[in-house]
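A, B, ... follow the sequence lines: proteins, then strands. Residue 1 opens every chain.
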There are 2 protein chains.
Amino acid sequence: MTLAPPEFCTCLALRQAARHVSQFYDQHLAPSGLRITQFSILAKLKARGPLTINSLAEALVMDPTTLGRNILPLQRDGLIAVVRGVGDRRSKELRLTDIGLERLNEAWKYWAAAQAGFDAAFGSRQDSELRTLMRTVASTELVAE
Amino acid sequence: MTLAPPEFCTCLALRQAARHVSQFYDQHLAPSGLRITQFSILAKLKARGPLTINSLAEALVMDPTTLGRNILPLQRDGLIAVVRGVGDRRSKELRLTDIGLERLNEAWKYWAAAQAGFDAAFGSRQDSELRTLMRTVASTELVAE
DNA sequence: TTGACATAGCCGCATATGCAGGTATATTAG
DNA sequence: CTAATATACCTGCATATGCGGCTATGTCAA
């Protein structure tokens, strides 16, 4: 059984879809000055309260190193506060600031427009199936031997 | 109807899944010295013959600027040849070299292991559905007004 | 022919991604 | 208590991503 890689590569298919949709969301979010990655970080911090880099990275299915760099622009712009962990001084606690919350709320409507736009184009029934499937994929245990 | 962004963001779900799966494929591909993006470029060039940056970018659902940069390491390592277009001298023709083909063939088996590994973990029936769905997503017309 | 417009790819800028390997702090075995 | 180990984060490296605006080339109409 021979599979032709480019045509049947699941990873490529996923990346293409992610690129395509990310571009759409980013275009919608542009007036807010946030990208979809940054919006996701702020939204997660709002939903789950202060988090360390490790725990937030896990929640976002992101490498901690990557997150550690992604927070820098947000910190620079005062959207999040980064403080030394009290219990564990190795860790850093990330917290949404008032300014961050304000920016998040402003970006919210642009996000909603993007989500609605995708929904309209793709079909809201399929859309919710898609999210469910993506969550399954993201939580599928994959171990390279 | 209010949706909570982080939990129901289709874009975030897609990106998370793409990150998760890409990491897995990249780990498998590591011994070949290629990343999944590079593998995809070489594979597409093999399948479709010489292509310009624009046409290859479209085939890969990638911004031409991005592709223009992604080919640089491949060109540097002699895996692809880049020549001025004959008909249209603005364009560049990308062609897989013999070395590139060799590398691609070597990477092939690592790719196959990754694909098989994902298939085993995720379920081959769901896997093929997933690819189909991703292609639908990637080809869904999305226009930010 | 030549001027207006379109197109292919480029550069600068900023962010996104993750591996290897390092430091500082915490935890735990002896 | 201290030495071994584990953990949280960081740095350097390399690639990935796409926008805005640029140059060079091509096309087409006046």
Side-chain angles (χ1 to χ4, degrees), chain A residues 11-12 14-31 33-41 51-58 60-77 79 82-94 144, chain B residues 11-12 14-31 33-41 51-58 60-77 79 82-94 144:
Chain A
C11 186
L12 174 58
L14 266 164
R15 290 178 69 91
Q16 290 181 347
R19 281 196 290 262
H20 186 58
V21 175
S22 294
Q23 218 170 339
F24 181 67
Y25 275 71
D26 273 339
Q27 281 164 9
H28 273 283
L29 281 174
L34 292 177
R35 298 177 165 219
I36 185 61
T37 302
Q38 305 176 323
F39 178 79
S40 302
I41 291 172
L51 290 170
T52 64
I53 289 186
N54 266 347
S55 49
L56 180 54
E58 188 181 354
L60 290 171
V61 192
M62 189 181 285
D63 188 282
T65 308
T66 301
L67 181 59
R69 294 190 148 108
N70 287 351
I71 59 173
L72 296 180
L74 300 174
Q75 183 180 14
R76 179 197 61 203
D77 298 343
L79 307 183
V82 182
V83 297
R84 201 92 164 153
V86 237
D88 188 338
R89 299 196 332 177
R90 290 168 303 179
S91 67
K92 285 183 170 179
E93 203 181 69
L94 311 178
Chain B
C11 186
L12 174 59
L14 267 164
R15 289 177 70 89
Q16 290 181 348
R19 281 196 290 261
H20 186 57
V21 175
S22 294
Q23 218 169 339
F24 180 67
Y25 275 70
D26 274 339
Q27 281 163 8
H28 273 283
L29 281 174
L34 292 177
R35 297 175 164 222
I36 185 62
T37 303
Q38 304 175 325
F39 178 79
S40 301
I41 291 172
L51 290 170
T52 64
I53 290 187
N54 265 347
S55 47
L56 180 56
E58 189 181 354
L60 290 171
V61 191
M62 188 181 285
D63 188 283
T65 308
T66 302
L67 180 60
R69 293 190 148 109
N70 287 351
I71 59 172
L72 295 180
L74 301 174
Q75 183 181 14
R76 179 197 61 203
D77 298 343
L79 307 182
V82 183
V83 298
R84 201 99 163 150
V86 238
D88 188 338
R89 300 197 329 178
R90 290 168 303 178
S91 68
K92 285 182 170 180
E93 203 181 68
L94 311 178

Listed by chain and number, what are the side chain to side chain donor-acceptor pair (under 3.5 Å) partners of A:Thr66, not counting sequence neighbours?
-> none

Applying side chain to side chain contact (heavy atoms under 4.5 Å, CB included), name anything that partners B:Pro73, two or more places apart in sequence or on another chain.
-> B:Gln38, B:Arg76

Hits for side chain to side chain donor-acceptor pair (under 3.5 Å) against B:Asp63, two or more places apart or cross-chain, chain-then-number order -> B:Thr65

If you fit an axis to the five pairs at each end of the helix from C:dT1-D:dA30 to C:dG30-D:dC1, how big is the angle between those two axes, to 10 degrees?
-> 10°

Nearest-neighbour nucleotide for the B:Arg84 side chain, C:dT25, D:dA8, D:dT25 considered = D:dT25

Between atom CG in B:Asp88 and atom P in C:dA6, what is the gap in whole Å?
-> 16 Å

Treat primed atoms plus P, OP1 and OP2 as sugar-phosphate and everything else as base, then score nucleotides 15-21 of chain D 5' to 3': B for base contact with protein heavy atoms under 4.0 Å, S for sugar-phosphate contact only, - for none.
-> SSBBB--

Is a side-chain donor or acceptor of B:Arg84 paired with a backbone partner of B:Lys92 at a separation under 3.5 angstrom?
-> no

Quick one: B:Leu34 CG to C:dC19 C1', roughly how many Å, whole number?
-> 16 Å

Within this structure, what is the CG-to-P distance between B:Leu72 and C:dG9, rounded to whole angstrom?
-> 13 Å

Sequence neighbours left out, what passes side chain to side chain contact (heavy atoms under 4.5 Å, CB included) with B:Gln75? Give chain and number order.
-> B:Leu72, B:Ile80, B:Val82

Between B:Leu51 (CG) and C:dG9 (P), how many Å, whole number?
-> 11 Å

Kindly say whether B:Ile36 contributes a backbone atom to a donor-acceptor pair with the side chain of B:Asp26 at under 3.5 angstrom?
-> yes

For B:Asp88, all residues meeting side chain to side chain contact (heavy atoms under 4.5 Å, CB included), sequence neighbours excluded = B:Arg90, B:Ser91

Once you round it to whole Å, what is the distance between C1' of C:dG18 and NE2 of B:His28?
-> 16 Å

Just one of A:Leu51, A:Leu67, A:Leu34, A:Leu94 clears the side-chain contact (heavy atoms from CB on, under 4.5 Å) bar with A:Ile41, so which one?
-> A:Leu67

Could you tell me which residues satisfy side chain to side chain contact (heavy atoms under 4.5 Å, CB included) with A:Gln16, sequence neighbours excluded, listed by chain and number?
-> A:Leu12, A:Arg19, B:Leu60, B:Val61, B:Ala138

A:Asn54 CG to C:dA26 P, in whole Å, measures 15 Å

Please confirm whether any donor atom in the side chain of A:Arg90 sits under 3.5 Å from an acceptor in the base of D:dT7, or the reverse.
-> yes

